[in-house]
Colleague: 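Sending over a structure as structure tokens; questions will come in a sec.
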Amino acid sequence: MTVGLIIVLGFVLGKTKIITTEANKHLINLLLTVAWPCALFRAYPQEFDPELLGQFLLGLGGGALVLGSLIVIGRLLFNKKLFDKEASYQGQFALIFNNASFLGYPLVLAIYGQEGMLPYCGFILVFNLALFGYGVYLFKRKLDKQLVKSTLTNPNIIAVLLGTIFFIFSLKLPDQVNGAISYVAAIMTPLSLLCIGFMLSRANFRTLVKKWKLFLTAAIQLTLGPLVAFGLMKLFNFPVEVAAMMVLLQALPTATSLGLFAEKYGGDSVRASELVVVSTLMSIVTLPIMLGLLLA
């Protein structure tokens, strides 16, 4: 309910034009390049603990299993015989990459607390490598040195790697620096939810209803993703808490970066944004159903 109320506030601010499209782009850029890296870095405990390191590695391994499987399934399912070229690539992106940042971070923090952030950080390391690697490849459709460089120098990946190093070696920053990072990290949750609310405020619901393929793609993403995560976690006997987190993350709507990537790399940004909106709206119904069925 708390998360939902902030999203509603973002919707109202969008409708009243207090948040504009241009302002929202700047907010998203601020979140992805500053706030989220700070939040990921601060997610690590100050003192090394082998058990907590194990939690991070479980998240890392679980993320690699789930995302790797979804990449293979996406290529088979959203093939060019059933979908046109643009819809095929966007369908694959939607299935593989969920809203693990803007929606996943506040939900994991709210449900699992600070203790649950280490497996989340492990997952996010794999997620960001895949997102800024394979995700960009789906739109550029070529692998080059620039793609590899931009992936490895992404602020979120650097933040997770630095956080891991500081955690393993029990390194500490000065209190003033830690305080500044904590303050910046604190804006991640409210601003990310306001951006989601704004995105929903821009949707033209009358035209969306007629585009059944968007609903089909979103339905596949919202149901198949958590089912795959659940099956893999059971198959490899992951701990209950980590398995539940993986299912939760895969039950989230598709990543808001789908629209951003489409706009940046010359894809159909309108259709991509509509798919994000449809997936987000449908997840209001599918998220509790999938979690209730799989985690009972």
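The structure presented is a predicted model; accordingly, all values stated were derived computationally and were not measured.
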Colleague: Tell me whether the rings of F127 and F97 are parallel (<30°), tilted (30 to 60°) or perpendicular (>60°).
Modeller: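 Taking F97 first and then F127, their aromatic rings stand perpendicular (interplane angle over 60°).
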Colleague: Please check this pair: side chain of S88 against backbone of F78, looking for a donor-acceptor N/O pair closer than 3.5 Å.
Modeller: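 Here the side-chain-to-backbone pair exists.
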Colleague: Tell me whether R75 at atom CZ has more than 12 heavy atoms from other residues, nucleotides or ligands lying less than 6.0 Å away.
Modeller: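 Counting other residues, nucleotides and ligands, CZ of R75 stays at 12 neighbours or fewer.
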Colleague: Going through the distances and angles, do N98 and T254 end up as a side-chain contact (heavy atoms from CB on, under 4.5 Å)?
Modeller: CA-CA 4 Å; N98 50 56; T254 193; 6.0 Å; no
Colleague: Taking the side chain as C-beta and beyond, is there a heavy-atom pair between T21 and F198 under 4.5 Å?
Modeller: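 Side-chain contact under 4.5 Å: yes.
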Colleague: For the OG atom of S283 and the CE atom of M290, what is their distance to the nearest 0.5 Å?
Modeller: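 S283 atom OG to M290 atom CE measures 12.5 Å (nearest 0.5 Å).
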Colleague: Is any side-chain heavy atom of L281 closer than 4.5 Å to one of L200?
Modeller: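 Answer yes - side chains close enough.
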Colleague: Do L216 and I220 have side chains that approach each other closer than 4.5 Å (heavy atoms only, starting at C-beta)?
Modeller: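 They are in side-chain contact.
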Colleague: Between L60 and L57, does the side-chain contact (heavy atoms from CB on, under 4.5 Å) criterion hold? Intermediate values first, please.
Modeller: CA-CA 5 Å; L60 187 78; L57 294 175; 4.3 Å; yes
Colleague: Output the distance between atom CD1 (I165) and atom CG (L171), rounded to the nearest 0.5 Å.
Modeller: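 Interatomic distance, I165 CD1 to L171 CG, rounded to 0.5 Å: 8.5 Å.
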Colleague: State, with a plain yes or no, whether a side-chain heavy atom of Q90 is found less than 4.5 Å away from one of T217.
Modeller: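 No, their side chains stay 4.5 Å or more apart.
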Colleague: When rounded to the nearest 0.5 angstrom, what is the spacing between CZ in F102 and OG1 in T280?
Modeller: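 Answer for the CZ-OG1 pair, F102 versus T280, is 12.0 Å.
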Colleague: Could you pull out the closest heavy-atom pair between I6 and P190, with the gap in Å?
Modeller: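 Taking every non-hydrogen atom into account, CG2-O, 3.8 Å.
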Colleague: If every non-hydrogen atom of E47 is compared with every non-hydrogen atom of F167, which pair is closest and at what distance?
Modeller: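 The pair with the smallest heavy-atom distance is O-CE1, 3.2 Å.
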Colleague: Between Q92 and L70, is there a side-chain heavy-atom distance shorter than 4.5 Å?
Modeller: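 Side chain of L70 against side chain of Q92, heavy atoms only: no contact under 4.5 Å found.
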Colleague: So do W36 and I124 actually touch side chain to side chain, heavy atoms under 4.5 Å?
Modeller: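 Contact flag for I124/W36 side chains = yes.
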Colleague: Is it the case that the side chain of N79 and the backbone of L76 share a donor-acceptor pair, with hydrogens and angles ignored and the cut-off at 3.5 Å?
Modeller: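 Checking the backbone N and O of L76 against the side chain of N79, a donor-acceptor pair under 3.5 Å is found.
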Colleague: Could K213 and E274 be called an ion pair, given the rule that one side-chain N must be under 4.0 Å from one carboxylate O?
Modeller: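 No, this pair does not count.
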Colleague: Mind telling me whether Y44 and F56 have parallel, tilted or perpendicular rings, with 30° and 60° as the class edges?
Modeller: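 If you compare the ring of F56 with that of Y44, the planes turn out tilted.
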Colleague: So, do M282 and Q221 sit near enough that their side-chain heavy atoms are less than 4.5 Å apart?
Modeller: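 Side chain of M282 against side chain of Q221, heavy atoms only: no contact under 4.5 Å found.
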Colleague: Would L191 and V12 show up in the same hydrophobic cluster when neighbours are defined by side-chain heavy atoms closer than 4.5 Å?
Modeller: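 The answer is no; the residues belong to distinct hydrophobic clusters.
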Colleague: How long is the span from the CG atom in L32 to the CG atom in N154, to the nearest 0.5 Å?
Modeller: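 Here the rounded value is 8.0 Å.
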Colleague: To check you understand the geometry: which heavy-atom pair defines the closest contact between L193 and V3, and what is its length?
Modeller: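 For L193 versus V3, the nearest heavy atoms are CD2-CG1, 3.7 Å.
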Colleague: Treating Ile, Leu, Val, Met, Phe, Trp and Tyr as nodes and any side-chain heavy-atom pair under 4.5 angstrom as an edge, say whether V240 and L232 lie in one connected cluster.
Modeller: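 V240 does not cluster with L232.
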Colleague: Please determine whether side-chain contact (heavy atoms from CB on, under 4.5 Å) holds for the pair I157 and L152, giving the CA-CA distance in whole Å, both sets of side-chain angles, and the decisive distance to 0.1 Å.
Modeller: CA-CA 7 Å; I157 292 172; L152 297 177; 5.9 Å; no
Colleague: Calculate, to the nearest 0.5 Å, the distance between atoms CG and CZ belonging to L53 and F48 respectively.
Modeller: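 Here the rounded value is 5.0 Å.
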Colleague: When you compare the side chain of F93 with that of F139, does any pair of heavy atoms fall below 4.5 Å?
Modeller: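 Side chain of F139 against side chain of F93, heavy atoms only: contact under 4.5 Å found.
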Colleague: Heavy atoms only: give me the nearest P37-L31 pair and the separation to one decimal.
Modeller: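 Minimum heavy-atom separation between P37 and L31: CD-O, 3.8 Å.
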Colleague: Which heavy-atom pair separates L222 from A251 by the least distance, and what is that distance?
Modeller: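 So the two residues come closest at CD2-O, 3.7 Å.
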Colleague: Apply the test ring-ring contact (aromatic ring centres under 6.0 Å, His included) to residues Y120 and Y112: give CA-CA distance (whole Å), side-chain angles for both, the deciding distance (0.1 Å), then the verdict.
Modeller: CA-CA 10 Å; Y120 174 79; Y112 297 98; 9.9 Å; no
Colleague: Do the side chains of L77 and V72 join up, straight or via other hydrophobic residues, at under 4.5 Å, putting them in one cluster?
Modeller: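 Hydrophobic grouping puts L77 apart from V72.
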Colleague: Establish whether L162 and L173 are linked, either directly or via other cluster members, by ILVMFWY side-chain heavy-atom contacts under 4.5 Å.
Modeller: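 In one cluster: yes.
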Colleague: Is it the case that one hydrophobic cluster holds both M117 and Y183, taking links as side-chain heavy atoms less than 4.5 Å apart, direct or via other members?
Modeller: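 In one cluster with M117: Y183, no.
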Colleague: Does the pair L65 and M246 meet the rule for a side-chain contact (heavy atoms from CB on, under 4.5 Å), with working shown?
Modeller: CA-CA 10 Å; L65 275 173; M246 292 296 165; over 6 Å; no
Colleague: Quick one: pull up NE2 in H26 and CG in L30 and give me the separation to the nearest 0.5 Å.
Modeller: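 It comes to 10.5 Å.
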Colleague: Where do V276 and A255 come nearest, in terms of heavy atoms and distance?
Modeller: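 Between these two residues, the closest heavy atoms are CG2-O, 3.5 Å.
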